[in-house]
Amino acid sequence: MAKRDRLSGNEAVAVAMRQINPDVVAAFPITPSTEVPQYFASFVADGKVDTEFIPVESEHSAMSACIGAQAAGARTITATSANGLALMWEMLYIAASSRLPVTLAAVNRALSGPININNDHSDTMGARDSGWIQLYGENNQEAYDNLIQAVKIGEHPDVMLPVMDCYDGFITSHAVENIELLEDDEVKAFVGEYNPDFYLNDRENPISVGPLDSVSHYFEHKRLQAEAMKNAKKVILEVAAEFEKLTGRKYGLFEEYMMEDAEIAIVVINSTAGTAKEVVKSLRAKGVKAGLIKIRVYRPFPVDEIVKALKKVKALAVLDKCDSFNAAGGPLFTDVTSALYGRADGIKVINYIYGLGGRDVKTDDIEKVYERLADIAKTGSVGEIYNYFGVRE
Amino acid sequence: MAYNLKEAVKRPERLTGGHRMCAGCGAPVVVRTILRAIKPEDHAVIGSATGCLEVSTCLYPYTAWKDSFIHSAFENAGATISGAEAAYNVMKKKGKIKGDIKFIAFGGDGGTYDIGLQSLSGAMERGHDMVYVCYDNGAYMNTGIQRSSATPTFADTTTSPAGSVIPGKTQLKKDLTLIMANHNIPYVAQSAPIGNFKDLHEKAEKAIYTPGAAFLNVMAPCPRGWRYDTPMLMQICKLAVDTCIWPLFEVENGKYKVNYKPKNKLPVEEFLKVQGRFRHMFKKGNEWMIEKFQKDIDEKWEMLLKLEG
Ligand SMILES: Cc1ncc(C[n+]2csc(CCOP(=O)(O)OP(=O)(O)O)c2C)c(N)n1
């Protein structure tokens, strides 16, 4: 039986953590994710969970402790943002390559410098190739739902990879919204017990983790890791189907909004999708065939599915809340265009970098993007590919 | 039961032979002595920072560790093992583990005094029931003998070379054992593999079986970095102790105890002259270096005796 409530994104994620009741949580404060370990510490203090909470002295140690705990046989969760995630960098790769399904609530915030506490995606986008599965959510409900699914996805024997539950700092983390929560026992049953085959704390069957891997084996291990990421796609969909049965809420690799007959479309991640959907609605009312794709699963990247969804589009804009500093385009743009290449050639694609450091995203801005797409669709002339909106030039 | 080497070595080895540490290296001797202090019925989860010990004992698909072992990175053995210990507490509470598990992290001086100091400090301050052991060989040996904050003054390393203008390392060695003692943890000790290993064995036993966080700083000479003949390992440790360059002491619940006070305190030259890294100190005109080294060591020794009170 679902319960209705009104919670901020961080509170919803903390509630999900309480319901998951992980063995270990190790975390360090940083805005805007701090509230997650704060709420959780009070659950620990009030005896509402069985978890060992490790108030580490840095995010590097947070991820290191998560690695030690998960390898020892514990289900482990942490949360961070921006510089905290950057400080974890080294350990993100080690968690993934050690095939430890740690779960991380990644509350998206602009990465320093200059230091800025507001939302963009430069933190998790930088970790896109660290070997972590990345789920993105538009609002509190999705942040909550994704965290619960993350645990089950990562721990699947065909996957065994760490998972990030990414949601927008402040916009999602601090805004209070209506939300439907699962019952505690429903979550407990959904995630099940964590019973890894091999773990350090197994007295009967000692193991060694993290060996020096030489030329003769390293490549094979990385190849297996790559295969696990491929397997993840299927598992993500299976877990989503099971979650839908439980909640009625449908999740896929991405959300298609009015895409069926769309001629112009944008691809976007997280909360901006909410704003953009409003624009699509008003354009549709005027008879414009506009559509939108909101990415949920960014790693693994759903190449074939995206191509299928975009095939009939004439002009497409990819919106990146993060710059790549490659003088060519943002990370999502690069991934979408490389997916289309050779599979759906002829679609005109442009890129917009927007919203850096928390710059407001207005419906006006997005309307202009669609206007330009309509023009490209009509004339066939693309013009500048790598663009910005909302910035003073 | 009183310590007896003959009895102690009857316990099964927890770090097996066949690892790739150099002949004459102190680290595996230190590790094996410490692991012998674990009760045979207890399981251990052992961590190592990146460094010689780790790269020589756990090379896929082999491992020299009979217990569970984890290496994750260079600067985080403290945090990694603290996570495993936290996992144990929960799993034990949930009835998933029967019997006891002991948690021990090893790090070289680079991984402990320098890059891993924060992670170590955090793990100790939080009071995890674990032992952190620094095997101090006085430089980053694995990457080719670069200086660390544990390198003694004047030592010739690849990043503090003894040149014609700069005479090796110019700074003093960091006092890590005292820093750890000031973490107010129940047990901190400094030791070395000497004689019948009684000092190290007993300290390891105390560290492992004292509830809460414990820290051991153990001298572990390196024949390549220190440039001595490999059979001299034990002799060098003895000289370090007899010159008071590496005093044996422990701090139990804040109380200092110097475990060994040489009746005949040897001059520092005795320790320095058998090692190639200090050779330049014996050149004509460099007498001041030995004088300064002696003065520094004397001051440290006096300070330690005062701490003992
Ligand atoms: C973050 C990071 N920086 C640098 C290194 C390279 N590195 C590996 S081992 C090592 C030196 C280890 O020295 P120490 O801790 O004294 O142990 P030893 O090798 O002397 O036993 C260094 C610099 C690394 N692995 N990781």
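The chains referred to below are lettered A, B, ... by the order of the sequence lines, with proteins before strands, and numbering in each begins at 1.
Looking at A:Ile94, the atoms closer than 4.5 Å to chain B (heavy atoms on both sides) all sit in the side chain, from C-beta outward. In this structure, chain A has heavy atoms under 4.5 Å from both the backbone and the side chain of B:Val55. Residue A:Ala71 touches chain B through its side chain alone, counting heavy-atom pairs closer than 4.5 Å. Only the side chain of A:Met91 comes within contact range of chain B, judged by heavy atoms closer than 4.5 Å.
A distance of 4.5 Å separates CG in A:Leu212 from CG in B:Leu59, rounded to the nearest 0.5 Å. Residue A:Leu200 holds its CG atom at 10.0 Å from CZ of B:Phe69, rounded to the nearest 0.5 Å.
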Between chain B and chain A, going by a 3.5 Å limit, which atoms form donor-acceptor pairs, if any?
unit_1	atom_1	unit_2	atom_2	d
B:Glu41	O	A:Arg203	NH1	3.3
B:Glu41	O	A:Arg203	NH2	3.0
B:His43	NE2	A:Leu200	O	3.3
B:Cys58	O	A:Leu212	N	2.8
B:Tyr60	N	A:Leu212	O	2.9
B:Thr63	OG1	A:Ser208	OG	2.7
B:Ser68	OG	A:Leu200	O	2.8
B:Ser68	OG	A:Ile207	N	3.3
B:Phe69	N	A:Ile207	O	2.8
B:Phe69	O	A:Val209	N	2.7
B:His71	N	A:Val209	O	3.0
B:His71	ND1	A:Gly210	O	2.8
B:Glu75	OE2	A:His60	NE2	3.2
B:Asn76	ND2	A:Ser64	OG	2.8
B:Lys94	NZ	A:Asp23	OD1	2.6
B:Lys96	NZ	A:Glu193	OE1	3.0
B:Lys96	NZ	A:Tyr194	O	3.3
B:Lys98	O	A:Arg203	NE	3.2
B:Asp100	O	A:Arg203	NH1	2.8
B:Gln118	NE2	A:Ser58	OG	3.1
B:Arg126	NH1	A:Glu57	OE1	3.1

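Residue-level contacts of residues 26-34 of chain B with chain A do not occur; threshold 4.5 Å between heavy atoms.
Each of A:Gly210, A:Pro55, A:Ala74 has some count of heavy-atom pairs under 4.5 Å with chain B, and the biggest count is that of A:Gly210. Options B:Gly99, B:Ala84, B:Gly78, B:Gly122 differ in how many heavy-atom pairs under 4.5 Å they form with chain A, and the most are formed by B:Ala84. For the options B:Ala86, B:Pro61, B:Ala44, B:Ala123, heavy-atom pairs under 4.5 Å to chain A are most numerous at B:Ala86.
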